[in-house]
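All values below were derived from every heavy atom in this structure, side-chain atoms included, with hydrogens, water molecules and symmetry-related copies excluded. Since the model is a prediction, treat every value here as computed from it, not as a measurement.
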Amino acid sequence: MRKNYRVKSEKDFKAIFKAGQNFANRKFVVYKLEKDQRHFRVGISVSKKLGNAVVRNSIKRKIRHVLIQHRADLTKDDFVVIARKGVETLDYHQVEQNLLHVLKIARIYQEGFICEKEE
């Protein structure tokens with residue numbers, strides 16, 4: 001995922017947490033801040049409680065892969081995905097199913113929504 005698709009700075013994270021809406025299911029929490037920009041930006045947070053660095057990075061890779069696979073159907077907002085306890089035991093398809101579920105609740109993932117293609 002390109003750098004301009006990521007939320008990295010603490011200032012941006014705080015703005016999303018403060019002014020954004022939150023949505024959740026059993027495995028993920030999503031904070032969403034509506035913005036008018038060319039494409040979405042995402043921040044991913046995985047707690048140390050979920051496992052060591054290898055486990056946390058594996059979870060983040062699965063989340064990033066789901067977002068890349070479905071980027072054409074994502075709205076142009078900023079959002080942060082927070083993994084909850086139990087995600088570390090899921091395989092890729094279960095992560096995809098749970099993440100898309102919470103993104104649909106948040107109205108970030110809309111099938112048939114066409115965002116601009118990555119340059």
Open item on the list: For the CD atom on Q37, are there more than 12 heavy atoms of other groups (residues, nucleotides or ligands in this structure) within a distance under 6.0 Å?
Closed with: yes
Open item on the list: Quick check for you: to the nearest 0.5 Å, what is the distance between L103 atom CG and H101 atom NE2?
Closed with: 10.5 Å
TODO: Check I16 against F79 and note the closest heavy-atom contact, atom names and distance.
DONE: CD1-N, 4.3 Å
Task: Atom pair CD/CD1 of E34 and I108 - distance to nearest 0.5 Å - done: 9.0 Å
- [ ] Have a look at D78 and tell me which of K32, R41, R6 forms a salt bridge (Lys or Arg N to Asp or Glu O under 4.0 Å) with it.
- [x] R41
TODO: Rounded to the nearest 0.5 Å, what's the gap from OG1 on T75 to CZ on R107? Could you check?
DONE: 11.0 Å
- [ ] Please report the closest heavy-atom contact between A106 and F23, naming both atoms and the distance.
- [x] CB-CD1, 3.3 Å
TODO: Side-chain contact test, heavy atoms from C-beta onward, threshold under 4.5 Å: evaluate it for I59 versus R56 and give yes or no.
DONE: no
Open item on the list: Are V81 and V7 connected into the same hydrophobic cluster when the rule is that any two of I, L, V, M, F, W, Y join if their side-chain heavy atoms are below 4.5 Å apart?
Closed with: no
Open item on the list: Side chains of R26 and N98, heavy atoms from C-beta outward: is any pair under 4.5 Å?
Closed with: no
Open item on the list: Are the side chains of D77 and F40 in contact, using a 4.5 Å heavy-atom criterion?
Closed with: no
Open item on the list: Between V55 and F28, is there shared hydrophobic-cluster membership here, with clusters defined by ILVMFWY side-chain heavy atoms closer than 4.5 Å?
Closed with: yes
- [ ] Over all heavy atoms of both residues, which pair between L50 and K85 is shortest? Give the atoms and the distance, please.
- [x] CD2-CA, 3.4 Å
- [ ] May I ask you to decide if the ring planes of Y31 and F17 are parallel, tilted or perpendicular, using 30° and 60° as cut-offs?
- [x] perpendicular
Open item on the list: When you group the ILVMFWY residues by side-chain heavy-atom contacts below 4.5 Å and let the links chain together, are V46 and L99 in the same group?
Closed with: yes
- [ ] Mark yes when over 12 heavy atoms from residues, nucleotides or ligands other than H70 sit less than 6.0 Å from its NE2; otherwise mark no.
- [x] yes
Task: Approximate separation, where rounding is to 0.5 Å, of L67 CG and L100 CG - done: 8.5 Å
Open item on the list: Are V102 and L33 connected into the same hydrophobic cluster when the rule is that any two of I, L, V, M, F, W, Y join if their side-chain heavy atoms are below 4.5 Å apart?
Closed with: no
Open item on the list: To the closest 0.5 Å, what do you measure between CG (N57) and NZ (K60)?
Closed with: 5.0 Å
Open item on the list: Hydrophobic clusters here meaning ILVMFWY residues chained together by side-chain heavy-atom distances under 4.5 Å, can you tell me if L74 and I82 are in one?
Closed with: no
TODO: To the nearest 0.5 Å, tell me how far T89 OG1 sits from K27 NZ.
DONE: 5.5 Å
TODO: Ignoring hydrogens and angles, tell me if any N or O in the side chain of Q94 forms a donor-acceptor pair with the backbone of D91 under 3.5 Å.
DONE: yes
